[in-house]
Number of protein chains: 2
Amino acid sequence: METRRIDPVNCSVARALSVVGERWSLLIVREALDGARRFGEFHSRLGIARNLLATRLETLVTAGVMRRVPYQEPGDRQRFAYELTEQGRALRPTLVALLEWGDTYLADPQGPSVVVRHRPVDDAISCDEPVKVILECAAGHGHLAPEDVCRTPGPGARFVESS
Amino acid sequence: METRRIDPVNCSVARALSVVGERWSLLIVREALDGARRFGEFHSRLGIARNLLATRLETLVTAGVMRRVPYQEPGDRQRFAYELTEQGRALRPTLVALLEWGDTYLADPQGPSVVVRHRPVDDAISCDEPVKVILECAAGHGHLAPEDVCRTPGPGARFVESS
DNA sequence: GACCTGAGTTGAAGAACTAAACTCATAAAG
DNA sequence: CTTTATGAGTTTAGTTCTTCAACTCAGGTC
């Protein structure tokens, strides 16, 4: 019996992982979301090897996740910092999802070390309550369980035959 | 000036990535969520090297993400299959978040190849509408933008000094 | 007994990661 | 004007991880 499945290689998850799936990449993005901007900050916060940090930053810049911006502190020469683009900041839900999963299943006995809260950068409306990632469909059904969703072919789907 | 920051190493994201951050791990989980169970299925769907698949499955089983279960097809000897535990199924939001990010920024020109829809396994209420990952706080404010949330120390937080 | 199949294991070559030492441009101190 | 300091990388050597292909192993079929 032959069945037709969505080609697992032509998939946005695989493409996403080819950009942010290397070791350290998501941790660099996490630190950037937490305010790190300079080479030395990423290096000392993460303990990543310097050469690897350099190539990761380059990869992330090339992929459009980060941007290399010149800065100059008073009495110092011009240097470069790295900041997230909109594309990079859009990884926040992915990182919150990973954080939540780690908190739930691999937590420190004392509880989570980080809680994500509803607190904007500017002082717009907020409540400081913990934030969770939830699955919600376009019809407004929220808090879907993982079993309540399934993958279906989209407009760019390709198929493969399989036994 | 000395500031105190949450220790970036004592973090659930780092712990989560130590389990599912290796190359292929999340793709294996994705295929399992899509119904793959047997060694050969993972191998042919993903094109991963056999020995690496074997060690990845072992790692995922050891970490509690998957379970090794015996099965026997009629007229064949007993073999082993791999299925997700509850802990593994809980990675669905992470994968949906990655999928969404990939769709938005790295999409195939023809559009996404996979759309996640609200359609449960059993025939409970559902609407077949596309599913998205959203950030929602405990007070019920949904659809938070990435800028509307921030990391705060939790009960298990440790701190590091930094200049 | 010979052959087939799914599920791995082994081994060699190549790519990626780590750690530590080194370079480079500029600024400030002497 | 020479020396020293600093942040931001680069180089190099050693280790670990991935890949690919060939091989093994335990049944079941012919």
Side-chain angles (χ1 to χ4, degrees), chain A residues 1-3 8-9 14 17-29 31-32 35-63 66-83 162-163, chain B residues 1-3 8-9 14 17-29 31-32 35-63 66-83 162-163:
Chain A
M1 166 192 118
E2 288 254 318
T3 61
V9 175
L17 288 174
S18 75
V19 171
V20 295
E22 289 166 302
R23 199 171 308 193
W24 298 110
S25 296
L26 280 175
L27 293 174
I28 291 171
V29 171
E31 290 307 317
R37 290 173 42 83
R38 302 181 346 193
F39 188 92
E41 284 178 317
F42 290 106
H43 175 244
S44 64
R45 291 193 190 192
L46 294 173
I48 179 178
R50 295 168 156 281
N51 55 349
L52 197 48
L53 177 55
T55 67
R56 280 292 174 280
L57 288 170
E58 201 187 325
T59 304
L60 291 171
V61 168
T62 303
M66 302 190 88
R67 185 187 299 131
R68 192 165 182 260
V69 295
Y71 75 96
Q72 184 155 28
E73 302 216 327
D76 205 351
R77 69 174 163 129
Q78 174 176 298
R79 295 178 189 285
F80 291 93
Y82 298 86
E83 58 185 41
S162 72
S163 56
Chain B
M1 161 194 122
E2 288 255 318
T3 60
V9 175
L17 287 173
S18 74
V19 171
V20 294
E22 290 167 303
R23 199 170 310 198
W24 297 110
S25 297
L26 280 175
L27 292 175
I28 290 170
V29 172
E31 291 307 319
R37 290 171 43 81
R38 303 181 344 194
F39 188 92
E41 283 178 318
F42 291 106
H43 176 244
S44 63
R45 291 193 190 191
L46 293 173
I48 178 177
R50 295 170 156 280
N51 54 348
L52 199 47
L53 176 57
T55 67
R56 281 291 175 281
L57 287 171
E58 200 187 325
T59 303
L60 290 171
V61 167
T62 304
M66 301 189 89
R67 186 187 299 131
R68 192 164 181 262
V69 296
Y71 74 96
Q72 185 156 25
E73 302 216 328
D76 205 351
R77 68 175 164 130
Q78 174 176 301
R79 297 177 188 285
F80 291 93
Y82 299 85
E83 58 185 40
S162 72
S163 54

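A note on names: the letters A, B, ... follow the listed sequences, proteins ahead of strands, and every chain is numbered from 1.
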Report task. Check the distance between C:dG6's C1' and B:Glu73's CD and give it to me in whole angstrom. Result -> 10 Å

Query - Student check: side-chain heavy atoms of B:Ile28 and B:Val20 closer than 4.5 Å - result: no

Requested in this report: Find which nucleotide of DNA chain D each of B:Gln72 and B:Arg50 is nearest to by heavy atoms, and output the residue with the more 5' nucleotide.
Outcome: B:Arg50

Query raised in the report: Just how far, in rounded Å, is P of C:dG8 from CZ of B:Arg56?
Result: 16 Å

Requested in this report: Would you please confirm or rule out a distance under 4.0 Å between OP1 or OP2 of C:dG8 and any side-chain N or O of B:Tyr82?
Outcome: yes

Report task. On DNA chain D, reading 5' to 3', which nucleotide is the first and which the last to sit with an atom under 4.0 Å from a heavy atom of chain B, could you check? Result -> D:dT18 to D:dT29

**Report entry** Steps toward side chain to side chain contact (heavy atoms under 4.5 Å, CB included) verdict (A:Tyr82, A:Val61)
**Finding:** CA-CA 8 Å; A:Tyr82 298 86; A:Val61 168; 4.0 Å; yes

Query - B:Arg38 CZ - C:dG6 C1' separation (whole Å) - result: 8 Å

**Report entry** Under-3.5 Å donor-acceptor pair between B:Arg79 side chain and C:dA7 base
**Finding:** no

Query raised in the report: Taking the side chain of A:Trp24 as its heavy atoms from C-beta onward, which of C:dA16, C:dT9, C:dT18 lies nearest to it?
Result: C:dT18

Report summary line: Between CD of A:Gln78 and C1' of C:dC24 the distance, given in whole Å, is 15 Å

Query raised in the report: Taking CG from B:Leu53 and P from C:dT10, how many angstroms apart are they, rounded to a whole number?
Result: 16 Å

Requested in this report: Would you please confirm or rule out a distance under 4.0 Å between OP1 or OP2 of C:dG8 and any side-chain N or O of B:Arg68?
Outcome: yes

**Report entry** Nucleotide C:dG14, atom P - distance to CG of B:Leu52 in whole Å
**Finding:** 19 Å

Query raised in the report: Within the structure shown, what part of the strands sits under 4.0 Å from B:Asn51 by heavy-atom distance: base, sugar-phosphate, or nothing?
Result: base

Requested in this report: Return the minimal non-hydrogen interatomic distance between A:Pro8 and B:Arg45, and the atom names on each side.
Outcome: CG-O, 3.3 Å

Query - The single option from B:Arg68, B:Arg37, B:Arg38 passing salt bridge (charged side-chain N to carboxylate O under 4.0 Å, His left out) against B:Glu83 - result: B:Arg37

Query raised in the report: For B:Thr55 and A:Ala49, take the nucleotide of DNA chain C holding the closest heavy atom to each; which residue's nucleotide lies nearer the 5' end?
Result: B:Thr55

Report task. Indicate, with a heavy-atom threshold strictly under 4.0 Å, whether A:Tyr71 touches base, sugar-phosphate, or nothing. Result -> sugar-phosphate

Requested in this report: Could you pull out the closest heavy-atom pair between B:Ser25 and B:Val19, with the gap in Å?
Outcome: OG-O, 4.2 Å

Report task. Flag the pair A:Glu31 / A:Glu41 as yes when at least one side-chain heavy-atom distance between them is below 4.5 Å, and no otherwise. Result -> no

Report task. Write down the distance between CZ (A:Phe80) and C1' (C:dA25), rounded to a whole number of angstrom. Result -> 12 Å

Query - Steps toward side chain to side chain contact (heavy atoms under 4.5 Å, CB included) verdict (A:Thr59, A:Thr62) - result: CA-CA 5 Å; A:Thr59 304; A:Thr62 303; 5.7 Å; no

Query raised in the report: Starting at CZ of B:Phe39 and ending at P of C:dG8, how long is that distance when rounded to a whole Å?
Result: 6 Å

